[in-house]
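For reference, the structure is listed below as structure tokens.
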Amino acid sequence: MTDETPSEPTGHDDPLIAARIAKHREALRSGNYPYRFDRSDLAGDLHDRFDDIDPGTETGIDVTVAGRLMNVRDMGRLAFGVLQDVSGRIQLFVSKAVLGDEEFSRFLELDSGDWIGATGEVMVTKKGELSVRIASFVLLSKALRPLPDKWHGLKDVEARSRRRYVDLMVNEESRKTALTRAKVISELRRQFEDRGFIEVETPVLLTQATGATARPFETHHNALDLDLSLRIATELFLKRLVVGGIERVFEIGRIFRNEGVDATHNPEFTMLEAYQALADYGDIMELIEEIFAAVAETAVGTSVLTYQGRMLDLTPPFRRVRLVDLVAEVVDRDISLDTPIDELRALATRYGVEADPSWGAGRVIFEIYEVAAESTIWKPTFVTDYPKEVSPLSRLHRDDPRLTERFELVIAGSEYANAFSELNDPFDQRERFEAQAAARAAGDDEAHPIDEDYIRALEYGLPPTGGLGIGVDRFVMLLTDRKHIREVILFPTMRPEAAPPPVVRSP
RNA sequence: GGGCCUGUAGCUCCAACUGGCAGAGCAGCGGACUUUUAAUCCGAAGCGUGUGGGUUCGAGUCCCACCGGGCCCA
């Protein structure tokens with residue numbers, strides 16, 4: 001699409017666009033494009049105020065509306081327009097008798113997609129449609145490109161993701177999802193703030209990406225000649241702040257993980273992490289129960305959802321089950337950490353898990369959980385007491401040092417939150433980091449590196465603390481009944497497309 | 001990274017039989033119409049099929065490579 005053909009300043013090889021460009025240039029020439037516009041009412045507010053009045057009613061009330069013209073139905077000496085603003089749609093009743101010949105034909109010159117402002121009386125048509133009978137209107141901005149099919153809209157998922165602006169203007173579901181996401185984030189923030197949590201921002205650019213098991217994006221700082229990684233978690237910085245005395249702290253932040261893209265993974269995504277001094281993982285379970293239910297109530301009006309066609313009740317309390325017990329239940333065998341390791345390995349093999357010789361009982365059971373048990377969970381469930389070897393930042397379980405006080409919240413087969421009683425013993429933390437470093441040296445490039453400064457922070461004393469991380473995108477998916485993460489991220493990561501053909505070429 | 005599927009007009013479409021002149025609806029253009037709701041009716045247009053090769057008398061249809069996308073698996 002990079003041909004060299006020169007064209008007229010107003011020309012375009014697509015006649016649909018050429019005609020719009022000509023009108024745009026005419027509007028520019030006449031100097032009629034406003035820089036601002038005073039709107040008196042949103043479409044949605046007009047519906048709220050007048051929807052119950054009778055067909056044929058004239059209200060005598062003049063209003064000024066503004067938005068995108070989505071459709072025009074021309075009846076000869078009468079026309080109907082559909083104006084869409086951020087709140088919804090309102091019909092424009094356009095009469096030649098009211099506007100006069102010249103203005104009426106100027107209205108018909110408008111194209112669907114144009115932004116206009118219009119003033120007139122609120123009335124209800126004979127058929128009962130709330131309308132503004134316009135007495136004047138102004139073109140605010142010209143749409144040079146045509147809208148998608150007015151009935152079928154824009155369906156192609158690739159086009160919808162790449163041209164989200166078009167998706168949003170024509171697909172109400174997409175607008176609703178974007179608005180619900182905003183409500184979820186705002187309500188999450190309010191819930192934590194109301195409990196005395198302080199919101200902070202910690203660095204994205206780090207010399208070492210830590211706090212999670214993941215591969216980071218790498219970049220370079222030119223002035224400092226320094227290789228940097230984008231953060232894969234906010235965990236260790238937030239706990240440093242608890243050491244510093246910010247006893248309840250949280251961050252809603254973009255996290256970057258250099259991994260593939262699929263239905264539940266985008267390389268950049270939003271995570272909420274929160275830490276509460278003097279709390280343990282039991283307190284955090286209660287906190288999460290309350291917050292999930294409250295956010296659902298606020299964002300979608302109920303904590304009893306329909307997800308992928310099935311009822312899903314987020315009303316507390318959630319089920320609590322130890323990971324080992326859950327695996328025993330699913331495999332229908334009486335297993336525990338004391339089961340002979342050979343037996344566990346054989347069991348793993350049966351579930352398609354190839355157990356590495358270095359794995360202990362905890363790791364083997366954990367791997368079986370991941371492939372066989374997690375996906376069987378539907379109702380919100382706290383899966384608790386993860387093995388020590390897969391939980392390098394969690395405090396040892398008070399009753400069994402082979403386990404940690406860690407849980408994940410699993411709903412509809414996926415993980416929504418990860419939380420623990422935070423490991424606050426610097427000696428233990430160093431040992432865990434060293435175990436990770438050994439795994440790293442053995443080729444596991446997702447294992448945690450040692451963060452010496454973090455250990456130093458622990459040496460100043462981290463109080464007993466409970467912490468949590470919530471995958472915000474997935475939570476939004478749950479609440480909006482979306483099965484792909486790209487539907488809840490406005491601009492998901494994609495390979496670049498070929499440059500779109502320019503609508504106007506240089507002469 | 002592997003497998004399968006997919007890309008036709010601005011948008012939508014299981015239009016195009018085993019290769020044989022590339023279609024429709026919507027949008028747009030011209031016309032009719034004073035209560036439409038995807039308005040309706042009449043008329044005239046618009047795509048050479050993601051890109052590049054190849055096979056063939058002839059390719060949207062077959063083959064190869066590449067680009068974008070989807071689903072599943074690692």
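Every chain is numbered from 1, with letters handed out A, B, ... down the list of sequences.
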Rounding to an integer number of angstrom, what distance separates [N] and [M] when you compare their [atom1] atoms?
N	M	atom1	answer
C64(B)	A59(B)	C1'	15 Å
G20(B)	C62(B)	C1'	15 Å
G68(B)	G30(B)	C1'	38 Å
C66(B)	C57(B)	C1'	29 Å
U56(B)	C71(B)	C1'	35 Å
A22(B)	U61(B)	C1'	12 Å
A27(B)	U37(B)	P	13 Å

Nearest-angstrom distance from the residue atom [atom1] of [X] to [atom2] of [N]:
X	N	atom1	atom2	answer
D149(A)	C13(B)	CG	P	9 Å
R486(A)	G68(B)	CZ	C1'	14 Å
I134(A)	U34(B)	CD1	P	18 Å

Would you say [X] places a side-chain N or O within less than 4.0 Å of OP1 or OP2 belonging to [N]?
X	N	answer
K150(A)	A27(B)	yes
R133(A)	U34(B)	no
H484(A)	C71(B)	yes

[X] side-chain proximity, nearest of [options]:
X	options	value
A97(A)	C11(B), U34(B), G68(B)	U34(B)
R162(A)	C11(B), U37(B), G69(B)	G69(B)
K155(A)	C13(B), C29(B), U37(B)	C13(B)
W151(A)	C11(B), A38(B), G68(B)	A38(B)
D111(A)	C11(B), G68(B), G28(B)	G28(B)

Checking base pairs now: Watson-Crick or wobble, both atom distances under 3.5 Å. What partners [N]?
N	result
G23(B)	C13(B)
G1(B)	C73(B)
U55(B)	none
C66(B)	G50(B)

More 5' along RNA chain B: F93(A) or A159(A), using each one's nearest nucleotide?
->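 Between the two, 5'-proximity favours A159(A).
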Does E109(A) or S95(A) map to a spot on RNA chain B nearer the 5' end, using the closest nucleotide for each?
->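 The 5'-side residue here is E109(A).
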Within the 4.0 Å heavy-atom criterion, would you say [X] contacts the bases, only the backbone, or no part of the nucleic acid?
X	answer
V170(A)	nothing
R160(A)	nothing
G260(A)	nothing
K126(A)	base

Side chains of Q308(A) and D481(A): is there a donor and an acceptor less than 3.5 Å apart?
->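 Distance-only check passes for Q308(A) and D481(A).
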Between S391(A) and R406(A), is any side-chain donor less than 3.5 angstrom from a side-chain acceptor?
->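 Side chains of S391(A) and R406(A): pair found under 3.5 Å.
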Are [X] and [Y] close enough that their ring centres sit under 6.0 Å apart?
X	Y	answer
F382(A)	F407(A)	yes
F137(A)	F107(A)	yes
F93(A)	F80(A)	yes

Sequence neighbours excluded and cut-off under 3.5 Å, please list the side-chain donor-acceptor pairs for residues 118-126 of chain A, or say none.
residue: T119(A); atom: OG1; partner: T64(A); partner atom: OG1; Å: 2.9
residue: E121(A); atom: OE1; partner: R133(A); partner atom: NH2; Å: 3.2
residue: E121(A); atom: OE2; partner: T59(A); partner atom: N; Å: 3.3
residue: E121(A); atom: OE2; partner: G60(A); partner atom: N; Å: 2.8
residue: T125(A); atom: OG1; partner: K127(A); partner atom: N; Å: 3.4
residue: T125(A); atom: OG1; partner: G128(A); partner atom: N; Å: 3.3
residue: T125(A); atom: OG1; partner: E129(A); partner atom: N; Å: 3.0

Pair R175(A) + D167(A): basic N to acidic O under 4.0 Å =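 Salt bridge: no.
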E367(A)/R363(A) salt bridge by N-O under 4.0 Å criterion |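 Here R363(A) pairs with E367(A) in a salt bridge, since their nearest N and O are under 4.0 Å apart.
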Within residues 70-90 of chain A: residues closer than 4.0 Å to RNA chain B (heavy atoms) |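 Output list: N71(A), R73(A), D74(A), M75(A), G76(A), R77(A), L78(A), F80(A).
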Spatial distance of atom CG (L326(A)) from atom OG1 (T381(A)) [nearest 0.5 Å] |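 Result: 8.0 Å between the selected atoms.
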Report yes if a donor N or O on one partner sits less than 3.5 Å from an acceptor N or O on the other, where the partners are the side chain of D156(A) and the base of G7(B); otherwise report no.
->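 By the distance-only test, no, there is no pair.
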